[in-house]
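These notes concern the structure reproduced below.
Fair warning: this is a prediction, and the values are worked out from it, not measured in the lab. So you know, we letter chains A, B, ... as the sequences are listed, proteins then strands, and number each from 1.
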Number of protein chains: 2
Amino acid sequence: MEKLIAENDCRACMHRWENFKTLTDEQKQLISEHRYEANFKPGEIIFKKGSPTSSVIFLVSGMAKVFLEGLDGKNIIISIAKPGMMISGPGTYGDLRHHFTLTALTNVKACFIDMLVMKQLVHLNSSYAEGLISDISKKSLLMYYKLIGLTQKKMPGRLADAILYLANQIYESDEFDIILNRQELGEFTNMAKESVIRILKDFEDDGLITSNCSRIKILDKPKLQRVSENG
Amino acid sequence: MEKLIAENDCRACMHRWENFKTLTDEQKQLISEHRYEANFKPGEIIFKKGSPTSSVIFLVSGMAKVFLEGLDGKNIIISIAKPGMMISGPGTYGDLRHHFTLTALTNVKACFIDMLVMKQLVHLNSSYAEGLISDISKKSLLMYYKLIGLTQKKMPGRLADAILYLANQIYESDEFDIILNRQELGEFTNMAKESVIRILKDFEDDGLITSNCSRIKILDKPKLQRVSENG
DNA sequence: CAAAAAAGATGATATATATCACTTTTGAGT
DNA sequence: ACTCAAAAGTGATATATATCATCTTTTTTG
């Protein structure tokens, strides 16, 4: 019960953010005074590429997809956001516009914090500033490896990466109900949905996974890791 | 003459960095006291992926390539560094290791500044910290568009992008001696060197450019831009 | 300056992957 | 429970692009 309340409380959620620790009580209070919550249904846009970066967002509950809107309406999903994550893009300290779109995959409760308050913290607290730099750097690093993966690995390697990412980073379990459909799995791995389906089937035939529509179970993780590494 | 001296002086070089303006004289002095210079010949490694991030680098003169070392020795050139640029990677505020390699393309004079000093500045000067965040964000943004370009554009579009990048950002002229060979142009655009050669020839046949080995001249920039946008 | 090495160029072939057209299954709403 | 729309799945075909083999040109170096 206690856990449930914590899960749904905006303030509790922010505590999960690594960088929150660097703030004084006063600074935490400052954030609390400038936050508001909003709920989203699956498919709803939380923020859209091109719109002003007026707030920074914490995901309180639910899952969302972060994606680049590419050419001819082709998207690239760059990550899945889950509770406790702070989401802010590179436009926050640039043109003040979002450069990716954030869409709810499930019911989502999000906590919006005024961007000006968050920016103030950089000036008030240098440890926070350092933490923020570290945070942005980590995301930048992910993009490097995403770029290598998407341009240099073949389809089975990319799909294996996606499955391992979901299992390890998102669901923290080797069996899960995937919230991405085949199309979205394609947007995450840069492949056509038909190819996702075919290779998923190959994985099943090879005994790497079982996949019943939305449910995926990893049967042979070491082998899946090898597929990820070799192609 | 005066210009030449300025070009080759480490301190003068840093002044070109946008974020340098935010520093006090005392802080500028601090940097000056912790810098040292080194010279590199074409092909020499300035820093290598995996090595410790002990310094931040300013390019005083010459050009260098920033590249990711991908799978099976296949590289991805992410940018060309030219004088006045501050080069530091996402590992600086993370695992303290470089995640890309920096190699001299011409004779290079580089100015190394102790990383600890640079990190100290984040704590001493919040405007500097904000500038650094802005700097990192800008680089992150470039990676987004690089990812879209490399995964969604076809070869002619990617190669057009590369030529426009070199003309607009690097040489600031529509005619230039390219310091990247065909292999490297391929590493920049994610294509085989043979494909670079073929499409470069197509561009010539279509009157977009002239290309005599290392010299490239853009003849029809609007058309080249259209190639960049449409594929 | 000649020899060797590196880079550029070219054509033939192989292959990974997208696209298209279609069928089947699943799930949501009345 | 029935209907309809969306998602999943399948096979045939098209295509962008890499790879390989080979040759030529340019650059480097003893």
Side-chain angles (χ1 to χ4, degrees), chain A residues 41-43 65 70-77 105-107 149-163 177-205 209-216 227 230-231, chain B residues 41-44 65 70-76 103 105-107 149-162 177-205 209-216 227 230-231:
Chain A
K41 282 197 267 291
K65 59 174 176 176
L71 284 44
D72 306 312
K74 245 181 114 181
N75 299 327
I76 304 176
I77 296 177
L105 288 167
T106 63
N107 284 318
L150 292 191
T151 58
Q152 302 195 336
K153 286 187 183 182
K154 281 182 245 98
M155 293 198 297
R158 281 181 264 151
L159 193 56
D161 277 346
I163 294 169
D177 273 309
I178 200 168
I179 23 87
L180 298 178
N181 61 30
R182 307 303 194 238
Q183 170 68 35
E184 290 169 320
L185 224 35
E187 289 172 3
F188 192 52
T189 54
N190 192 36
M191 45 202 276
K193 67 174 198 301
E194 293 91 335
S195 299
V196 172
I197 292 165
R198 272 183 264 263
I199 291 170
L200 230 35
K201 203 191 161 215
D202 290 345
F203 284 179
E204 239 188 315
D205 292 345
I209 60 165
T210 55
S211 124
N212 284 34
C213 245
S214 76
R215 190 152 197 86
I216 285 188
V227 172
N230 300 326
Chain B
K41 284 197 266 293
E44 287 182 346
K65 59 174 176 178
L71 284 44
D72 306 312
K74 244 181 114 181
N75 300 326
I76 304 176
T103 303
L105 288 167
T106 62
N107 284 318
L150 291 191
T151 58
Q152 302 194 335
K153 286 187 183 181
K154 282 182 244 99
M155 292 199 297
R158 282 181 264 149
L159 192 58
D161 277 347
D177 273 309
I178 202 167
I179 23 86
L180 299 177
N181 62 29
R182 307 304 195 236
Q183 170 68 36
E184 289 169 322
L185 225 36
E187 289 172 1
F188 192 52
T189 54
N190 192 37
M191 45 203 274
K193 67 176 196 298
E194 293 92 334
S195 299
V196 172
I197 291 164
R198 271 184 265 264
I199 291 169
L200 231 34
K201 204 191 161 216
D202 290 345
F203 283 180
E204 238 186 316
D205 292 346
I209 59 165
T210 55
S211 125
N212 286 33
C213 246
S214 76
R215 190 150 198 87
I216 285 189
V227 172
N230 300 328

Can you name the nearest heavy-atom pair linking [X] to [Y], along with the distance?
X         : Y         : result
Asp161(B) : Lys153(B) : OD2-NZ, 2.7 Å
Thr103(B) : Gly43(B)  : CG2-O, 3.3 Å
Met155(B) : Ile199(B) : CB-CD1, 3.3 Å

Asn181(A) side chain, from C-beta outward: closest of dA7(D), dC20(D), dG9(D):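 Ranking dA7(D), dC20(D), dG9(D) by closest atom to the Asn181(A) side chain puts dA7(D) first.
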Flag side-chain contact, heavy atom, 4.5 Å: Ile163(A) against Leu185(A):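 Sidechains of Leu185(A) and Ile163(A): no contact.
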Min side-chain heavy-atom separation Leu105(B)-Pro42(B) under 4.5 Å: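 No, every pair of side-chain atoms sits at 4.5 Å or beyond.
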Length of the [atom1]-[atom2] vector between [X] and [N], whole Å:
X         : N       : atom1 : atom2 : answer
Arg158(B) : dT17(D) : CZ    : C1'   : 8 Å
Ile197(A) : dA18(C) : CD1   : P     : 12 Å
Ile199(A) : dT10(D) : CD1   : P     : 14 Å
Ile178(A) : dA8(D)  : CD1   : C1'   : 13 Å
Lys201(B) : dG11(C) : NZ    : C1'   : 11 Å
Glu194(B) : dC20(D) : CD    : P     : 10 Å
Asp177(A) : dT26(C) : CG    : C1'   : 14 Å
Gln152(A) : dA18(D) : CD    : C1'   : 13 Å

Sugar-phosphate only, base, or nothing, as touched by Lys193(B) at under 4.0 Å among non-hydrogen atoms: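 Counting heavy atoms under 4.0 Å across all strands, no contact is made by Lys193(B).
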Ser195(B) side chain near dA18(D) phosphate (N/O to OP1/OP2, under 4.0 Å):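 Checking dA18(D) against Ser195(B), a side-chain N or O does come within under 4.0 Å of OP1 or OP2.
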Interface residues of residues 182-192 of chain B with DNA chain D (non-hydrogen, below 4.0 angstrom):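 DNA chain D contact set from residues 182-192 of chain B: Asn190(B), Met191(B), Ala192(B).
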Asn181(B) side chain to Gln183(B) backbone, donor-acceptor under 3.5 Å: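 The answer is yes, because a donor-acceptor pair under 3.5 Å joins these two groups.
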Backbone of Lys193(B) reached by a side-chain donor or acceptor of Arg182(B) within 3.5 Å: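 Checked: no pair found.
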Quiz item: Arg198(B) side-chain donor-acceptor pair to dG8(C) base, under 3.5 Å: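 For Arg198(B), whose side chain was compared with the base of dG8(C), there is no donor-acceptor pair (under 3.5 Å).
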Residue whose nearest DNA chain C nucleotide is more 5′ - Met155(A) or Ser211(B):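 Taking each residue's closest nucleotide, the earlier one in sequence belongs to Ser211(B).
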